[in-house]
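Before any comments, here is the structure.
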Amino acid sequence: MAEYKMESLKTFNYDRPVIEKGYANQTLCIDISDGVISIKPVTEKMKNVFIGGKGFDLWLLWNAVNSTTKWNDPENAICIASGPMGGTPVYPGSGKSIVTTISPLTGSVIDSNVGGYFGPYLKFSGFDALEVTGKTSKDVVIFIDGIDEKVQIFKASGLPDDSYTLSAILTERFAKGKPRNISVVSTGPGAKNTRMGCLNFTWYDLKRKRARYKQAGRGGIGGVFADKGIKAIVARWDTVTSKTNNPANANTLKEVGRKHSREVVELDPKQNQMAQIGTTHLVPIMNDFDLLPTHNFQYGQHSEADNIGQEVFRRIFDPGYDGCWIGCTLACSHGVKDFVPLTGPYKGIKVFVDGPEYETIAGCGSNLGIFDPHTIIEMNFYCDTYGLDTISVGTSTAFAMECFEMGLINETHTHGMNLSFGNRSAALEVVHQMARGEGFGQIIGRGVREMKTIFSRDYGADPDLMQDIGMEAKGLEFSEYMTKESLAQQGGYGLALKGPQHDEAWLIFLDMVHNFMPTFEQKAEALHWFPMFRTWFGLCGLCKLPWNDVVPEDNKDTQEPAKVMKHVEWYADYYTSVTGRQTTADGLIRMSEAVYNFQRIFNLKMGFGQREHDNIPYRAVGPVKTVEYESRAERYDKQLVEKHNVDITGKTTEEKIALLREFREKLYEKLKDAVYKRRGWTNNGIPTVETVKRLGIDFPEVLELLRAHGVES
Amino acid sequence: MIKVNGKKHSWYEGMTIKDLLKDVNNSHLYAVVRINEKHISRPYFEKTLVPDNSEVFLIPMIAGG
Ligand code: SF4
């Protein structure tokens, strides 16, 4: 084990409050520039309007930054919060944290939802949210000790850079013999040297006797963490029971928790088997429906996809309980034991790899033309330990590979690296270079948006073509689903507040496969209800998977099967039983609406959040290149003829692409109109005064901002 | 004889997934079926035979990430 030193710079003692109905009623603020530690109260108004979790984070961040704050300015805050239900061990999926900050990739607010024990331990230690501002040139470790009621800042030296070993060392260092009492948040060298750094949040696996971790992946939060000089944040808490969160009505909570837990235990084995194979079942299914991104989202299918699907990972995953929070019966966070990397600093050494999940398999596999599970697991391992987001790494590398294959860049630019699709060693080398801040990997690590600028400015690549094939929107790389044939999912990605991540709306199947929303109004309704309901999980400290990845047996006979209303009603009961605040299924949507609209306005404050920022690259909408069109010519020809009444006789592929593009781009704009209307926004995508008043977010600063953008009552 | 969602169901030689779903209410909601450990998606329902003695699970909905 590495020799390291930790010197205490500051100790802050506090009296831990009793948790009341899911709230600690205060937040912890740490300015690491000068080591000032303080506590802020949580007001009733904060609870009413922002609920908790992401809502609290956004409110703290809003007050910390101004409209010109950049990601690496000291006033930028990293906010971490769970939520009122976070830390409940008797309801599946109740240990999530949400992290927000100003993103290095987007320049605006980013949020990322993550498992692991940190959020609940933070709350039980006495804080509903943590806000870290400032910057330091030292490497610091922040220790929040809920058992001994103190917060400490240490100056650290000699600690390893990579998250895998660092997490293990810090778990042991602070555990006092009880490693399960510890959760570590850390990142790695990749976060320092790229714009796509992630954070790893640990949970202690008692059976395997090791710290495992989950990732707050999106938007480069790890980069902000590293830039601030934070090596790690550690929380320590004791045993968790159903009483720790002090729910308003323990009996109702137990009852509703038991119902949902039992259903998961009974039905998951008959349905998606996530307790055995995680989200890997999605690989062959997406492939069958032409939705698995391959070769930078050009195609949705590949003959070798079965090599990286659930049948393979079923054999590879280490069997056992894999819940990223105590008591989660869905327990989908699987890993690979005794994996031996073939490259990099862990070459030849047995390691435990957390993952891969679907997104990593598609991002670091099929989208790069790689259909070898070993390479994907190795990419997964190094991305995590280097503190890199597997989705942005995958989508950015896929873009660079397509540019390389098209001759937009060449080996002079890549420093001799052959970046062809399917080149496994090149893909791994890119990840190592990102961590070292060297070579062409460093350029890829700047993300798709910046690569487009660099390639056209410095290498003379065609900017229009790169605009079409560069899969980013709002500066964030797309997550791993094909959207060409689902207008609703184009909206799900393009209209998402933080950028194209599927956690806000995943509508492909409902739209494309089940055809649940044939009209614009139905699509707009779906693009209202689903983002709102999904937002709600992030307010409360919950995981969305138990909601609709296991569904009641009679769900299909209900009026709106896609919403899984039986579970939505259980969630309303769950919320009421913990907080004592009466609510209904509609009430949950109303809670989210306030926070959702506030985040949209936060984007506006940072210079974004208008119609033009909801644009997406044409690759997300339809075929850009002739090979793409011709690979699905029958489908596209049929659409031109039957849907758009075009006589295609004698037309070249280029002409047909241009026609299809015109139709599809118009439809996307029409979708924006319908969704903005449904959400109570102006035609420019800004919430109206009436909307902010209805939602109780009509703060003077909000109204001023609306006025400055021409939105008045 | 096969099992469908844990319940016994008759079987005949040459039965495809598409044939099996004819006996199920609201079968259009099923886009994926699992036969033992293998997932079969709708584009392959017509040409995939259900083997005798297999366990079939009708996957209610695919909910994504
Ligand atoms: S369902 Fe999976 S990701 Fe969600 S809380 Fe449970 S183990 Fe964690």
Side-chain angles (χ1 to χ4, degrees), chain A residues 266-267 269-274 276-277 279 281-291 301 306 309-311 314-315 357-359 362 391 479-481 489 492 501-503 505-510 512-516 544-545 547-558 561-562 564, chain B:
Chain A
E266 277 171 19
L267 297 182
K270 296 181 186 171
Q271 297 179 7
N272 293 320
Q273 299 185 302
M274 295 179 85
Q276 290 170 45
I277 54 170
T279 50
H281 63 290
L282 290 171
V283 177
I285 296 171
M286 292 302 118
N287 189 58
D288 288 346
F289 286 99
D290 206 19
L291 295 170
Q301 217 160 46
D306 275 350
Q310 56 94 9
E311 286 183 72
R314 190 188 290 276
R315 293 197 300 272
E357 297 180 14
Y358 166 80
E359 292 292 330
I391 297 176
S479 72
E480 309 300 332
Y481 296 100
Q489 189 58 39
Q501 167 73 355
H502 55 279
D503 62 347
W506 195 85
L507 301 173
I508 301 183
F509 251 63
L510 305 180
M512 207 189 98
V513 179
H514 295 306
N515 197 24
F516 277 176
K544 85 95 207 165
L545 298 181
W547 159 48
N548 66 352
D549 280 286
V550 174
V551 304
E553 282 186 309
D554 59 358
N555 185 61
K556 71 179 170 60
D557 305 317
T558 61
V564 198
Chain B
M1 187 70 73
I2 55 172
K3 267 192 179 173
V4 179
N5 283 358
K7 292 192 186 113
K8 285 185 180 165
H9 193 284
S10 58
W11 176 87
Y12 54 83
E13 189 74 46
M15 177 193 236
T16 64
I17 298 178
K18 192 176 176 202
D19 297 330
L20 171 64
L21 286 176
K22 283 181 193 148
D23 298 342
V24 174
N25 287 340
N26 285 328
S27 65
H28 65 281
L29 291 174
Y30 295 112
V32 179
V33 160
R34 178 155 55 82
I35 299 184
N36 302 322
E37 307 277 80
K38 196 167 171 55
H39 286 91
I40 320 287
S41 309
R42 189 183 288 158
Y44 303 98
F45 282 0
E46 201 167 347
K47 55 180 175 206
T48 305
L49 292 173
V50 181
D52 195 8
N53 298 317
S54 54
E55 272 221 74
V56 180
F57 297 96
L58 310 175
I59 308 294
M61 220 166 34
I62 299 301

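All chains are named by letter (A, B, ...) in the order of the sequence lines, taking the proteins before the strands, and each is independently numbered beginning at 1.
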Proximal component of A:Tyr358, with respect to chain B [non-hydrogen, under 4.5 Å] = neither

Could you tell me which portion of B:His28 (side chain, backbone, both or neither) has an atom closer than 4.5 angstrom to a non-hydrogen atom of chain A?
-> backbone

Roughly how far apart are B:His39 NE2 and A:His281 NE2, rounded to 0.5 Å?
-> 6.0 Å

So which part of A:Glu311 gets closer than 4.5 Å to some heavy atom of chain B, the side chain, the backbone, both or neither?
-> side chain

Counting distance only, does the side-chain N/O of A:Lys556 pair as donor-acceptor with the main-chain N or O of B:Asn25 below 3.5 Å?
-> yes

Would you give the length of the straight line joining atom CG of A:Asn555 to atom CG of B:Asn26, rounded to the nearest 0.5 angstrom?
-> 11.0 Å

Counting heavy-atom pairs under 4.5 Å to chain B, which of A:Glu357, A:Lys270, A:Glu480 comes out on top?
-> A:Lys270

Between B:Leu29 and chain A, which part of the residue has a heavy atom less than 4.5 Å away: side chain, backbone, both or neither?
-> both

Under a 4.5 Å heavy-atom cut-off, does chain B meet the side chain of A:Asn287, its backbone, both or neither?
-> neither

Judged by atom type as modelled, is there a donor-acceptor pair below 3.5 Å linking the side chain of B:Arg42 to the main-chain atoms of A:Val513?
-> yes

Is it the backbone or the side chain of A:Asp306 that comes under 4.5 Å from a heavy atom of chain B, or both, or neither?
-> side chain

For B:Pro43 and A:Asp288, work out which heavy atoms get closest and say how close.
-> CG-O, 3.6 Å

CZ-CG distance between B:Phe57 and A:Leu267, expressed to the nearest 0.5 angstrom | 11.0 Å

Does any heavy atom of chain B fall under 4.5 Å from the side chain of A:Val564, the backbone, both, or neither of them?
-> side chain

Please report the closest heavy-atom contact between B:Ala31 and A:Phe289, naming both atoms and the distance.
-> O-CZ, 3.4 Å

Are any of the side-chain heavy atoms of A:Val551 and B:Pro60 separated by less than 4.5 Å?
-> yes

Side chain, backbone, both or neither: which part of A:Pro269 has an atom under 4.5 Å from a heavy atom of chain B?
-> backbone

Can you tell which part of A:Gln310 gets under 4.5 Å to a heavy atom of chain B, answering side chain, backbone, both or neither?
-> side chain

Winner by heavy-atom pair count (cut-off under 4.5 Å) against chain A, out of B:Ile40, B:Asn5, B:Leu58, B:Val32 | B:Val32

